[in-house]
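Okay, structure first, notes after.
Numbered from 1 within each chain, the chains take letters A, B, ... in sequence-line order. Predicted model only: the values in this text are computed from it and were never measured.
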Number of protein chains: 2
Amino acid sequence: MVERLPDDQKLTEILKAVSEPRRRELLTLLVQHGPIRVTDLARHFDISLNAVSKHIKILEAAGLVCRRTEWREHLIEPDMGPVGEIDRWFRELRSIWDKRLDGLEDVLSKETDDE
Amino acid sequence: MVERLPDDQKLTEILKAVSEPRRRELLTLLVQHGPIRVTDLARHFDISLNAVSKHIKILEAAGLVCRRTEWREHLIEPDMGPVGEIDRWFRELRSIWDKRLDGLEDVLSKETDDE
DNA sequence: ATTTCAGTCAACCATTTAGTTGAATGAATT
DNA sequence: AATTCATTCAACTAAATGGTTGACTGAAAT
């Protein structure tokens, strides 16, 4: 069986968050615009304010966004940090891949025929 | 309104594909193991062969995996290529962010308040 | 000729997801 | 006192998702 890494859950949360096109748009607007209120954010999209609010909660849970609340107004701003987790995963995967290919060269020198 | 990039759809496909923990496990096993048959792949997981088959199709559609079919036997092997798309997206996002921060310094000197 | 086998396809089910509308909250403004 | 306002919460709907079981295919092995 395949071992499940401990940070798997967090990585899943991050990846699921950014796999939604609208959430990526949201994120893009956030990095372009900087801190912005939920309502103003919603104005740029053709979905309801509520939908935007929910998307933000998901981004927030993933740590991709943080919120500074000042009574009614919630200032939302992006946090690129968690995207590094994705990068780390990718890097690890590639390292495993490379390691295997290195090992393969040894096998090739022995001429062990296997495809 | 927010502009939608043309490669958005492909990126979504890739991200959705890897956002599924089991698919990441599948991918991990693939890079560790190299080309492997669907059935052998499935043996490592506690879900049905059919479920694995479906996951592979999704990975394949995203270009993360390719398949060499030889009659009944389908040899599956990973392709890290598309993960670069994720990286590119991330990099672009960060570049926008950095650009904005640079601009912000100018704004701070002018003190033009605008939301 | 029958069975075995690797894999997909099809139909179905339960859960999650993205969206909606319609409250409720409670300070600030009128 | 009544209204406005920014946001979330709750309930609902439709669609997508991940899983299952049960065919089906057609060469190879018995």
For this session: Find the distance B:Glu70:CD to D:dA27:P and express it as a whole number of Å.
Result: 15 Å

Exercise. Roughly, in whole Å, what's the span from CD1 in B:Ile56 to P in D:dG18?
Worked result: 14 Å

Exercise. Atom CD of A:Glu73 and atom P of D:dT4: how far apart are they, to the nearest Å?
Worked result: 18 Å

Seminar exercise, completed: Rounded to whole Å, CD1 of A:Ile36 lies from C1' of D:dT7 at a distance of 15 Å

Exercise. At what distance, to the nearest 0.5 angstrom, does CG of A:Leu64 lie from CD of A:Glu13?
Worked result: 9.0 Å

Exercise. Taking atom CG of B:Leu27 and atom CH2 of A:Trp89, what is their separation to the nearest 0.5 Å?
Worked result: 5.5 Å

Problem set entry | Value in whole Å for how far the P atom of D:dT20 lies from CZ of B:Phe45 | 13 Å

Exercise. Taking NZ, NE, NH1 and NH2 as the nitrogens, is one of them in A:Arg88 or A:Glu85 under 4.0 Å from a carboxylate oxygen of the other?
Worked result: yes

Exercise. Quick one: do B:Glu77 and B:Arg68 make a salt bridge, cutoff under 4.0 Å?
Worked result: yes

Seminar exercise, completed: Interatomic distance, CD1@A:Ile96 vs CG@A:Leu101, rounded to 0.5 Å, equals 12.0 Å

Exercise. With nearest nucleotides of DNA chain D determined for A:Lys16 and A:Val38 from heavy-atom distances, which residue corresponds to the more 5′ nucleotide?
Worked result: A:Val38

For this session: At under 4.0 Å between heavy atoms, which parts of nucleotides 19-30 of chain C does protein reach? Answer with one letter per nucleotide, 5' to 3': B base, S sugar-phosphate only, - none.
Result: BBBB---BS---

Problem set entry | Short side-chain N/O contact from A:Lys57 to OP1 or OP2 of D:dT7, under 4.0 Å | no

For this session: Could you tell me whether B:Glu25 and B:Arg22 make a salt bridge, using a distance below 4.0 angstrom between a side-chain N and a carboxylate O?
Result: no

